[in-house]
Amino acid sequence: MPSKETDQKRLLELGIRSRLQRPLHWRQNCCICFCVMSPLTGISGLYGIGLVYGGPVVLVWGWVLASILTTCVSLALSELSSAFPVSGGLYFWAFMLGRQTGPFASWCVGWTNFLGQIALVAADTFSCVQLFLSFLYLVSLDSSGSGYYPSNALQLYLFGGLLLIFAIINVQPLSVVGRLSELGALFNLLGTIVFVAVLLLVTKKQQHFSWVLTHYEVDLRAFVPQS
């Protein structure tokens, strides 16, 4: 693990004087990345979609393929980060590597990353809302099989309220964000373990392992408009 002195020396070699503080521990940085990925909301939000549009083979091998490709991207970014330990991240690296087209490459990468972050936060928040509403529906089921499910307007208010809470958290000092990220990573990790355990315990009929790895099925009812 490179020390701060090593990073400072590398910055001086690049002709850059460090002016920003680095209060986050490497563990907190990892926790922030883990919270951004949010496997708990990512799994719950995509679980139904995968089952409807392909079945278990799409879920299993889709995750495997995505994990391999994401790992390749992570290794490449880690090499860039060690070579250019500067603030700005992707768009500054694009500027350094783009040479003559550096400014344009930096502009494209910066805006793409910025819009991607907005979409990522919105998607994770939406999945979080759907997870909460599904839980609320299940705990409110009565003997007739009906439960409470809020209106679209109430879902929108809940979505906006969560985004406001996230915004307030992210304008706090980095030391506060770092500690909250550790709690968030722990919640995601434990929540994912509980999620998998509950699926294994409450499922009445479990398919064979080969079925999980090879079965392909598309639910055609998903393509039929509901009256």
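Of the possible donor and acceptor atoms, one in the side chain of Ser181 sits under 3.5 Å from a partner among the backbone N and O of Gly178.
You'll find the side chain of Trp93 stays beyond 4.5 Å of the side chain of Val109, heavy atoms only. Contact check for Leu80 versus Leu90: no side-chain heavy atoms found under the 4.5 Å cut-off. Phe187 places none of its side-chain heavy atoms less than 4.5 Å from the side chain of Leu183.
Atom CH2 of Trp111 sits in a sparse spot, with 12 or fewer heavy atoms from other residues, nucleotides or ligands closer than 6.0 Å. The number of heavy-atom neighbours closer than 6.0 Å to CD of Gln100, taken from other residues, nucleotides and ligands shown, is 12 or below. Summarising the local packing, CZ of Phe126 is surrounded by 12 or fewer heavy atoms from other residues, nucleotides or ligands at distances under 6.0 Å. Applying the 6.0 Å contact sphere to OH of Tyr148 captures more than 12 heavy atoms from other residues, nucleotides or ligands.
One distance of note links OG1 of Thr125 with CD1 of Ile165; it measures 10.0 Å at 0.5 Å rounding.
Follow the hydrophobic side-chain contacts under 4.5 Å out from Leu213 and you reach Val64 in the same cluster. No continuous path of hydrophobic side-chain contacts links Leu75 to Leu69 [ILVMFWY only; heavy atoms under 4.5 Å]. In the hydrophobic cluster analysis, where Ile, Leu, Val, Met, Phe, Trp and Tyr join through side-chain heavy atoms closer than 4.5 angstrom, Leu77 is grouped together with Leu97. Both Phe159 and Phe166 are members of a single hydrophobic cluster when ILVMFWY side chains are connected at heavy-atom separations under 4.5 Å.
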